[in-house]
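Take a look at the structure below.
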Amino acid sequence: MLEVQNLSMRFGGLLAVDQVSVDVREHEIVSIIGPNGAGKTTVFNCISGFYKPTGGKILFQGQEIQGKPDYKISRLGMVRTFQHVRLFSKMTVVENLLVAQHRHLNTNLLAGLLKTPDYREREKKSLERARYWLDRVGLLEMANWEAGNLAYGQQRRLEIARCMVTEPQLLMLDEPAAGLNPAETKELDQLIVSLKEDYNVSVLLIEHDMSLVMGISDRINVINQGRPLASGTPEEIRQNDDVIKAYLGEA
Amino acid sequence: MAAHNLKHALFCAIITIIIAYPILGLNLVAQGTSVALEGATTATVINVFLAAVAVFLFQLFRDSIMGVFGKVPNLNPMAKRGPISQERRLLMERVFFVAIILLALVWPFIVSRGAVDLATLVLIYIMLALGLNVVVGLAGLLDLGYVAFYAVGAYTFALLSQYFGISFWLALPIGALLAALFGFVLGFPVLRLRGDYLAIVTLGFGEIIRILLNNWTTLTGGPNGIGGIPDPTLFGMEFGRRVKEEGNVSFHETFGIAYSGEHKVIFLYLIALVLAVFTLLVIRRFMRMPVGRAWEALREDEIAARSLGMSRTAVKLSAFTIGAFFAGFAGTVFASKQGFISPESFVFLESAIILAIVVLGGMGSQVGVILAAIAVTILPELAREFSEYRMLIFGAAMVLMMVWRPQGLLPMRRIQIELKEQG
Ligand SMILES: Nc1ncnc2c1ncn2[C@@H]1O[C@H](COP(=O)(O)OP(=O)(O)OP(=O)(O)O)[C@@H](O)[C@H]1O
Ligand SMILES: [Mg+2]
């Protein structure tokens, strides 16, 4: 589904990502791990089009996407969350989900002014979809709250719901467990697995929480100082000497 | 702290002298065929010096003076009220709109002709400000050349009537659509720019349009402008004493009443009122439509919006185009009201005033913008004796406003979409 081949990203003199390859197949959860500053978020930014990679290829569903504008990449069915939650904090929770569905809505200005049947129908459907996902992530009661007033863990879940209403094929999560307590992390763990099992999305995950990563990943890529260090199943990674030295040993 | 203040205050005082002395003190005097420079009179020198002292003292005690200002809002009984529910707020807004529209409807029949004329101007400014509010307040794009679209609307009507004899009612949509087209075409390359750059480019565009109108004499008549712009008709009835156009009848004869110049003024006022209400309602509806949410999302967090597949250019372009559309509307009404237009009416100051209305009213807030449009248009008329100091007062009001209520008179409150209980 997603193939990243020899991706490189240079910021002036700093080679933040150096020849990294990642690949995500249908129905898979793949993780990227590595110490702070390893270049994980930069890989995400390149894939999602926020940065234009300085080298390498990115293919999504067989189509080359490197260097395409971010919003076009997102429309192909690949959405992401952010390491630091980025909600529309002055909008309500449900409005956050409506904004995300702008592609499902009738955005014709005249249709909206005249409230044509098609316009109403689509608006109703997106409200229903929003309701469904709010229920799914346990935020239905807060639907009319301002998003900025949610607790941190709730904001994280809303961000995931906001991705899901766009009906993506690939979901990219940047440290979704950061700042969550153990109970919330457990819920998140179940949510991610269910996204894969019940909604058939593939997940590309950046995470520092080792138990989460080891528990749900089908495969793991380790990068260190921008360079790929190892990749394989959780079992292989756990036993990889380089990884233990560079990363696990440190923690 | 004190030493720092002293230095700063001295600096400001010196700047005051450097700026004020040559501007106020030095005079160019014509002596026969040549021009001579004359030094300042003693009185001017003393005044400039006093001004510098005032600036010095203000800057020296600035913190305590501003502190006093900071305390003032507490005197405002409204300041401490808690948030009110959206339903009540919308109800209050609706009551406000209905009340003001009712007042506007009876207005022309209870006041003098001059007051009706002024009210028409207020309505034109309300249209302009509501339109610019979309661009600046809702989409967050600083447009300093908004008057250009106003000019496009006005000149479209003037030129169409002059060359093709097209009437007001046909020119109204054409003018608005052409202005929107201008907005679209200009916005396309320009909206890639951010913040200050966008402001400068739009400023330049506004000037280009004005200079073009000034210099393309064969088409626009240049600085002489275009006159003889026809008044609107009511189902083919003209409001003049004599019918100008073949096939039309005159209003006063049809109804068998005596001719009065007031009929025309009132009719034009009512047209402006209908268009202003139309503008208000359409934009209000936009704010709750996907396009309105997109403006807001992009303004709040552009990166998140883009990550959800929103095209920055498309969304901003829609705001720019819609804003331009309503400016074109207002321009057509303006041309018809004046009967004569020239580039003089579309100078940068005009853009600045419309922007000031939006900022004073509270960006994004329709009620605030309407109140500010009324205040900014009417106050200078009431204080005619001070007309020389108009810009000074205007500037002072802006500065005070920024100190007091940087969020504007009535800051915007969002209209939220609520997810109802499943029933
Ligand atoms: N826009 C940028 N300009 C310059 N340097 C950057 C930029 N973005 C990231 N970097 C650098 O690239 C390196 C990798 O950063 P990145 O954010 O990808 O790390 P990370 O693996 O996500 O770390 P963390 O676990 O702390 O989130 C860092 O040294 C960072 O300073
Ligand atoms: Mg990171």
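This one's a predicted model, so the numbers in the text were calculated from it and none came from an experiment. Numbers restart at 1 for each chain; the letters A, B, ... are given by sequence-line order, proteins then strands.
Residue A/Glu146 touches chain B through its side chain alone, counting heavy-atom pairs closer than 4.5 Å. Of the two parts of A/Ala143, only the side chain, counted from C-beta on, holds a non-hydrogen atom closer than 4.5 Å to a non-hydrogen atom of chain B. Only the side chain of B/Ile322 comes within less than 4.5 Å of a heavy atom in chain A; its backbone stays farther off. Proximity to chain B (any heavy atom under 4.5 Å) is restricted, for A/Leu140, to the side chain, taken from C-beta onward. The contact between A/Phe82 and chain B is made entirely by side chain atoms (from C-beta outward), counting heavy-atom distances below 4.5 Å. Within the 4.5 angstrom heavy-atom criterion, atoms from both the backbone and the side chain of A/Leu109 approach chain B. There is no contact between A/Thr81 and chain B, counting heavy-atom distances below 4.5 Å. Only the side chain of B/Arg285 has a heavy atom closer than 4.5 Å to any heavy atom of chain A. Neither the backbone nor the side chain of B/Ala294 comes within contact range of chain A; no heavy atoms are under 4.5 Å apart. Of the two parts of A/Lys72, neither the backbone nor the side chain holds a non-hydrogen atom closer than 4.5 Å to a non-hydrogen atom of chain B. A/Glu123 touches chain B through its side chain: at least one heavy atom from C-beta onward sits under 4.5 Å away, while N, CA, C and O do not. With a threshold of 4.5 angstrom between heavy atoms, A/Ser48 does not approach chain B through any atom at all.
Shown here is A/Asn200, whose CG atom has more than 12 heavy atoms of other residues, nucleotides or ligands within 6.0 Å. The number of heavy atoms from other shown groups lying within 6.0 Å of OH (A/Tyr152) is above 12. Environment of OH in B/Tyr125: crowded, with over 12 heavy atoms of neighbouring residues, nucleotides or ligands closer than 6.0 Å. Heavy atoms of other residues, nucleotides or ligands lying less than 6.0 angstrom from CE of B/Met363 number 12 at most. The 12-atom threshold is not exceeded at CZ of B/Phe188, counting heavy atoms of other residues, nucleotides or ligands nearer than 6.0 Å.
Residue B/Asp301 comes nearest to A/Leu87 through the heavy atom pair OD2-O, 4.3 Å, listed as atom of the first residue, atom of the second, then distance. Heavy atoms only, all atoms of each residue included: A/Arg86 and B/Ala304 are closest at O-CB, 3.6 Å.
Note: A/His84 NE2 to B/Ile303 CD1 = 11.5 Å, rounded to the nearest 0.5 Å. To the nearest 0.5 Å, atom CZ of residue B/Arg312 and atom OH of residue A/Tyr71 are 11.5 Å apart. Here B/Ser311 contributes atom OG and A/His102 contributes atom NE2; the two are 9.0 Å apart, rounded to the nearest 0.5 Å. Taken from CE in A/Met78 to OG in B/Ser307, the straight-line distance is 12.0 Å, to the nearest 0.5 Å.
Put simply, the side chain of B/Met310 reaches to within 4.5 Å of the side chain of A/Val99, judged on heavy atoms. B/Phe286 places a side-chain heavy atom less than 4.5 Å from the side chain of A/Leu113.
Of the listed residues (A/Asn144, A/Leu76, A/Val93), the one with the most heavy-atom contacts under 4.5 Å to chain B is A/Asn144. When each of B/Arg306, B/Arg299, B/Arg288, B/Arg293 is scored by its heavy-atom pairs under 4.5 Å with chain A, the top score falls to B/Arg306.
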Practice item. Carefully, step by step, assess A/Phe88 and B/Leu308 under the rule side chain to side chain contact (heavy atoms under 4.5 Å, CB included). Key: CA-CA 12 Å; A/Phe88 306 114; B/Leu308 295 166; 4.0 Å; yes
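Of the possible donor and acceptor atoms, one in the side chain of B/Glu300 sits under 3.5 Å from a partner among the backbone N and O of A/Lys90.
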